[in-house]
Protein chains: 2
Amino acid sequence: MAEKVTLFAVAERAGVSIATVSRVVNGLTTNGPTEEKIRRAIDELGYEPNSAARALRVNASDQICLALPDLNNPVYQAMTRGVQRGFKLSKYRLMLSPSLSTTEEVILQLKSLGRNYADGVILSSLVFDEEIEKILSTLRIPVVLVGGAIDRPKYDNIRVDSERGVGMAVDYFFSAGRKKILFLNGPWITNPAKRRKEGFLESMRSHQIKNPENYIANAKAFNPKAAVEALSGIKKLNQFSAILCANDLLAAGAIKFLSGRKIKVPDDIAVIGIDNTDLAGLLTPTLTSVDFKAEYRGELAAKYLLERLENPNLPIKKTIIEPELIIRESA
Amino acid sequence: MAEKVTLFAVAERAGVSIATVSRVVNGLTTNGPTEEKIRRAIDELGYEPNSAARALRVNASDQICLALPDLNNPVYQAMTRGVQRGFKLSKYRLMLSPSLSTTEEVILQLKSLGRNYADGVILSSLVFDEEIEKILSTLRIPVVLVGGAIDRPKYDNIRVDSERGVGMAVDYFFSAGRKKILFLNGPWITNPAKRRKEGFLESMRSHQIKNPENYIANAKAFNPKAAVEALSGIKKLNQFSAILCANDLLAAGAIKFLSGRKIKVPDDIAVIGIDNTDLAGLLTPTLTSVDFKAEYRGELAAKYLLERLENPNLPIKKTIIEPELIIRESA
DNA sequence: TTGTATGCGTTATCAC
DNA sequence: GTGATAACGCATACAA
């Protein structure tokens, strides 16, 4: 391993003071005949500024923390790609939190941000309660919320119109004459599940369906296997002509389950997913899905955070993403 | 935003010196009646140690950099999950590099590591040349290579037996009487593509096939769309009874393409993928795929890096992952 | 066990 | 435009 090279080494080699080198490195001195010498010394020695020293001095780490629930879910993979892209041309490095499923994990992660290793955080959590809210308010760095359900006026926030998205799917089913709709939801404690359920109930009622809560099944997780398990437990599946799934992974499981039972999709039962992930185009039949534009949300979150870092006094920004129903073969 | 609280604040409140507080924080002082006071002060003030100051002082950032080609590819998503898991119980935070496709991007990323913001790096690159090698040797932090093709005796290294994995697939085709095999490869410049191609040629020759290089198609990227494009360009597709795809995404594209042409999988043409990603079980037919255990490799890479960080003098570790053919419906 | 004091590498203030 | 120097917050060598 090579020896470490600091400002002092460069200064010595160039025959100037460290202050001058520092200025050149930071572009505070343009012309001057010294600059040439210094640049050469930097190249020859392979000098790279020490992040920690700089961070300590200017109180900024040039790092961003991305706090997400679960990298198994393609929707967060897409969001991550969006965030990556959003920061690509910036000076910021991206930190990836571990998977944050429970309130405790979220809190631990947020608390650790008190160590000042990040200049900002993009948080997308399945859960949101007062305790999390409290810790958020103690953070000394800007926060961008992606998908925080309730209105949180203090933070830049990118939400999705869940109710509308779910409603679009229900409407589409009805327009195709499918009125017996099963809503296959994920774990009911999570925020997205709550919102999507509300949207379903509301939309069904608007179509004059009584007691729509009877047409809801809950999978234990947002994945294909849980979908299969949940559907296996349903007695009279053929009473339904459509299944609306709370995300694409559940839809993938549903399609597998149905074709295993020789039930034709969409002829016998139509299926719509939510999130419109990469998966949708690869399934057979290809999956009709409500696009909540996860990658775009990630990119937008990055943009909002960058803008706030540049100017902390900007007014709070709120965006509600309009969902779009991407129609493919499954419905 | 709350005001910042340092060791000084805690020390003042507890009526001790900052050194004593520092020791308590770092667990260098056990009992003592002072500890109680200090802990209370820490709690009351909500003290969190400043990462930058600590990093500067001890010359360690408690951060790890994960440098990957492409988060669009599920195999790297899986690897990332493995790495996340591997570091979950450690003190290390995970930094995610931007997508590293070209040599230039890899070099830029590696150079930036000279800023000492990471204590170690896990590198999985599609490309490896002398220039990258040179920069690697100047790094002052441990490196774990995942999938560096050539032997690199200086670094902990987790490889995959590509040739063997591809051979398993070819053997399986032959055992099912399928001898006319098309190899649908990715961009030929990348390392995995080279290795997999070699494995294919070698294996075909061992089955007495002459000029196997005539049975190779190259997709422009490792994704479904590129697979469709590549297959569209093939005149006499029905001369083949099997397609081996260089990864699952290509296989997904191939299956879509074939079913679009009313070619039955596996009856008319069998398909095998590589990587055995989450996708495999969700396609129709489900995809037979060579498992290179990406998630496990990620976790192992994290383990190797942790061990080396703990003890830099350990002998270099090399592991070659044994592939496994996961048989599903597509072949 | 506790306190004092030094330095990690950098930026920024101040004189020149 | 340049150089000397203080300070960022912490860990630790040393003295007590």
Side-chain angles (χ1 to χ4, degrees), chain A residues 2-39 41-42 45-63 91 112-119 140-141, chain B residues 2-39 41-42 45-63 91 112-119 140-141:
Chain A
E3 54 188 303
K4 70 167 60 177
V5 31
T6 72
L7 276 184
F8 285 89
V10 177
E12 195 168 66
R13 180 154 189 137
V16 296
S17 76
I18 62 166
T20 307
V21 178
S22 175
R23 287 191 205 98
V24 168
V25 169
N26 295 355
L28 300 180
T29 288
T30 28
N31 56 23
T34 18
E35 181 174 353
E36 167 77 4
K37 277 191 311 190
I38 294 178
R39 293 229 175 272
I42 287 176
L45 295 174
Y47 168 76
E48 293 277 351
N50 181 303
S51 304
R54 181 169 201 290
L56 176 59
R57 181 59 230 246
V58 304
N59 196 27
S61 62
D62 289 358
Q63 297 185 156
K91 64 179 178 183
S112 85
L113 286 168
R115 294 155 122 85
N116 277 6
Y117 59 80
D119 298 341
R140 304 177 53 260
I141 58 176
Chain B
E3 55 188 303
K4 69 168 61 178
V5 30
T6 71
L7 275 186
F8 286 90
V10 177
E12 195 169 66
R13 179 158 193 132
V16 296
S17 76
I18 62 165
T20 308
V21 179
S22 174
R23 288 191 201 98
V24 167
V25 169
N26 295 359
L28 300 180
T29 289
T30 28
N31 55 25
T34 19
E35 181 174 354
E36 169 78 4
K37 279 191 309 188
I38 293 177
R39 294 227 174 273
I42 287 176
L45 295 174
Y47 169 75
E48 294 275 351
N50 180 303
S51 303
R54 182 167 202 291
L56 177 58
R57 181 61 231 251
V58 305
N59 196 26
S61 62
D62 289 357
Q63 296 184 155
K91 64 180 177 181
S112 85
L113 286 169
R115 294 155 121 87
N116 278 5
Y117 60 81
D119 298 341
R140 303 177 54 261
I141 57 176

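Letters A, B, ... are given to chains in the order of the sequence lines, protein chains preceding strands, and every chain is numbered from 1. Only a predicted model underlies this, so the values are computations on that prediction, with no experimental measurement involved.
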ask   = With a 4.5 Å limit on heavy-atom distance, are the side chains of B:V25 and B:I42 in contact?
value = yes
query = Side-chain contact, heavy-atom cut-off 4.5 Å: B:V21 with B:F8?
reply = no
inquiry  = At 4.0 Å (heavy atoms only), tell me whether A:V16 reaches a base, stays on the sugar-phosphate, or touches nothing.
reply    = sugar-phosphate
Are there any protein N/O atoms within less than 3.5 Å of an N/O atom in nucleotides 14-16 of chain D, and if so, which ones and at what distance?
none

request  = For the side chain of A:P33, starting at C-beta, report the closest nucleotide among D:dT2, D:dT5, C:dT2.
outcome  = D:dT2
Counterpart residues, salt bridge (charged side-chain N to carboxylate O under 4.0 Å, His left out), relative to A:E12 (two or more places apart) = none
query = Below 4.0 angstrom from OP1 or OP2 of C:dT2, is there any side-chain N or O of B:S17?
reply = no
request  = Report yes if some heavy atom in the side chain of B:N59 is under 4.5 Å from a heavy atom in the side chain of B:N116; otherwise report no.
outcome  = yes
Pick out the pairs of N or O atoms, protein on one side and nucleotides 8-10 of chain C on the other, that lie under 3.5 Å.
from, atom 1, to, atom 2, distance (Å)
C:dG9, OP1, A:K4, NZ, 3.3
C:dG9, N2, A:A53, O, 3.4
C:dT10, OP1, A:Y47, OH, 2.6
C:dT10, OP1, A:N50, N, 3.1
C:dT10, OP2, A:L7, N, 2.6

query = Are OP1 or OP2 of D:dT2 and a side-chain N or O of A:T34 less than 4.0 angstrom apart?
reply = yes
task = Would you name the heavy atoms of B:G46 and B:V5 that are closest together and state the gap between them?
result = O-CG1, 4.1 Å
query = Quick one: side-chain contact (heavy atoms from CB on, under 4.5 Å) partners of A:D119, sequence neighbours excluded?
reply = A:A60, A:S61, A:D62, A:Y92, A:L309
All salt bridge (charged side-chain N to carboxylate O under 4.0 Å, His left out) counterparts of B:R13, not counting sequence neighbours = B:E44
Only pairs under 3.5 Å count here: list side-chain donor-acceptor contacts from residues 49-56 of chain B, not counting sequence neighbours, and write none if there are none.
from, atom 1, to, atom 2, distance (Å)
B:N50, OD1, B:A52, N, 2.8
B:N50, OD1, B:A53, N, 2.9
B:S51, OG, A:R115, O, 3.0

inquiry  = Expressed as a whole number of angstroms, how long is the span from B:L28:CG to D:dA13:C1'?
reply    = 13 Å
message = Rounded to whole Å, how long is the line connecting atom CG of B:D62 with atom C1' of D:dC10?
response = 13 Å
